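Remarks on the structure that follows.
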2 protein chains.
Amino acid sequence: MNELSYRLFFKAFSNKTRFEIIRLLRREQKSVTEICKDLNFEQSRVSHNLKCLEACGFVSSKWNGKNKIYSLDKKHILSILDNIDKHIERYSKRLESCGVLKNKSCGVIK
Amino acid sequence: MNELSYRLFFKAFSNKTRFEIIRLLRREQKSVTEICKDLNFEQSRVSHNLKCLEACGFVSSKWNGKNKIYSLDKKHILSILDNIDKHIERYSKRLESCGVLKNKSCGVIK
DNA sequence: CATTCATATGATAAAGTTATCATATATACT
DNA sequence: AGTATATATGATAACTTTATCATATGAATG
């Protein structure tokens with residue numbers, strides 16, 4: 001399997017805005033305005049990232065009056081997240097202590 | 001499950017250097033020098049990212065003479081990658097056409 | 001068709017990440 | 001101990017990504 005797809009896949013989920021949107025839509029479909037309110041994110045920030053998620057096929061949308069309703073590609077996304085759930089506890093503590101990943105110009109403040 | 005861990009997990013894999021190292025160690029354990037040669041990456045680049053991968057618990061190391069041998073936490077990592085394999089084909093094409101993810105300052109050159 | 005509310009888009013400054021360079025530390029061998 | 005080879009580390013410049021601002025487009029309704 002193609003290496004680039006893998007990395008893009010992980011990249012899609014590693015972004016806070018996108019990940020929170022996915023988590024939110026995990027429960028139920030929502031309009032852009034609702035997403036903004038629930039997550040307390042700016043509208044254009046949300047729209048830009050929804051565009052990305054839709055381009056990737058993770059969410060889909062339909063117009064409902066003036067609102068555009070976004071919903072999650074549940075079956076596949078949930079299956080992926082559920083599987084990672086099984087493993088992530090093992091790594092959780094160490095991930096959160098990794099300077100490179102937590103970053104903001106590498107590790108601890110001096 | 002903690003949201004941050006998730007994102008850090010995805011972030012760890014979304015980086016080219018780290019992902020290639022993981023792919024390489026999927027087959028067999030290797031020293032830093034071997035990894036550098038095989039991937040044609042600079043030594044400090046590899047060391048920095050190995051440190052990250054080890055901090056996260058994805059790889060472990062042991063000294064063997066002057067060489068430090070790194071190996072993959074196979075059971076768990078392989079299980080995760082294998083599961084994603086099952087789904088990624090579905091998204092592959094769209095991921096690779098997503099301007100936000102492919103980026104270099106957003107999408108297509110004008 | 002003008003207005004209002006909702007969403008999308010382009011450009012770019014700000015923030016974040018990575019590779020690289022210079023150098024330090026580790027290990028083994030003579 | 002001195003040298004050679006292997007690996008690690010800190011600082012930072014170069015690069016990449018993101019949020020934000022300004023503005024455009026879409027949809028509905030009087």
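Bear in mind that the values here come from a model prediction, so they are computed numbers and not experimental data. Below, read A as the first sequence line, B as the second, and so on, with proteins coming before strands; counting in each chain starts at 1.
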Under the 3.5 angstrom rule, does the side chain of A:K30 hit a backbone N or O of A:I35 as a donor-acceptor pair? no

Would you kindly give the CD1-to-C1' distance between A:I21 and C:dT7, to the nearest whole Å? 13 Å

Nearest-Å distance for atom pair CD/P, residues B:E54 and D:dT9: 10 Å

When we call it a touch if two heavy atoms are under 4.0 Å apart, what does B:K16 touch: a base, just sugar-phosphate, or nothing? nothing

Please tell me if A:T17 has a side-chain N or O lying less than 4.0 Å from either OP1 or OP2 of D:dA19. yes

For the pair made of NZ in A:K11 and P in C:dT17, what is the distance, rounded to whole Å? 12 Å

Looking at A:E34 and A:K37, is any side-chain nitrogen of the basic one under 4.0 Å from a carboxylate oxygen of the acidic one? no

For B:N40, does the CG atom have more than 12 heavy-atom neighbours from other residues, nucleotides or ligands under 6.0 Å away? no

Roughly how many Å is it from CZ in B:F41 to C1' in C:dA19, rounded to a whole number? 11 Å

Atom CZ of B:R7 to atom P of C:dG16: distance rounded to whole Å? 11 Å

Hey, is the main chain of A:R45 close enough, under 3.5 Å, to the side chain of A:N49 for a donor-acceptor pair? yes

Do we count B:H48 as stacking onto D:dT9 if the rule is ring centres under 5.5 Å and planes under 30°? yes

Run the numbers on A:L25 and A:L53 for side chain to side chain contact (heavy atoms under 4.5 Å, CB included), then give the verdict. CA-CA 12 Å; A:L25 298 181; A:L53 289 172; 6.0 Å; no

Tell me which residues in residues 56-73 of chain A lie within less than 4.0 Å of DNA chain D, going by non-hydrogen atoms. A:W63, A:G65, A:K66

Whole-Å distance separating the NZ atom of B:K51 from the P atom of C:dT25: 14 Å

Side-chain donor/acceptor of B:Q43 to base of D:dA6, under 3.5 Å: no

Without swapping roles, check the side chain of A:K102 against the backbone of A:S97 for a donor-acceptor pair under 3.5 Å. no

Nearest atoms (heavy-atom pairs only) where A:L95 meets B:C56: CD2-SG, 3.8 Å

Looking at B:N49, does any N or O in its side chain come under 4.0 Å of the phosphate oxygens OP1/OP2 on C:dT18? no

Could you say whether B:S44 or A:N15 is positioned toward the 5' end of DNA chain D, judged by the nucleotide with the nearest heavy atom to each? B:S44

Taking only N and O in the side chain of A:R45, is any of them less than 4.0 Å away from OP1 or OP2 of D:dC21? no

List in numerical order all residues of residues 28-36 of chain A for which some heavy atom is under 4.0 Å away from an atom belonging to DNA chain D. none

If only side-chain N and O atoms of A:K102 are considered, is one of them under 4.0 Å from the OP1 or OP2 phosphate oxygen of C:dG16? no

Separation of D:dA8 atom P from B:E42 atom CD, nearest Å, is 14 Å

For B:V59 and B:I77: C-alpha separation, side-chain torsions, deciding distance, then whether side chain to side chain contact (heavy atoms under 4.5 Å, CB included) applies. CA-CA 9 Å; B:V59 307; B:I77 304 293; over 6 Å; no

A:R94 and B:E54 ion-paired at < 4.0 Å: no

Identify which one of B:F10, B:Y6, B:F13, B:Y91 satisfies the ring-ring contact (aromatic ring centres under 6.0 Å, His included) criterion when paired with A:F13. B:F10

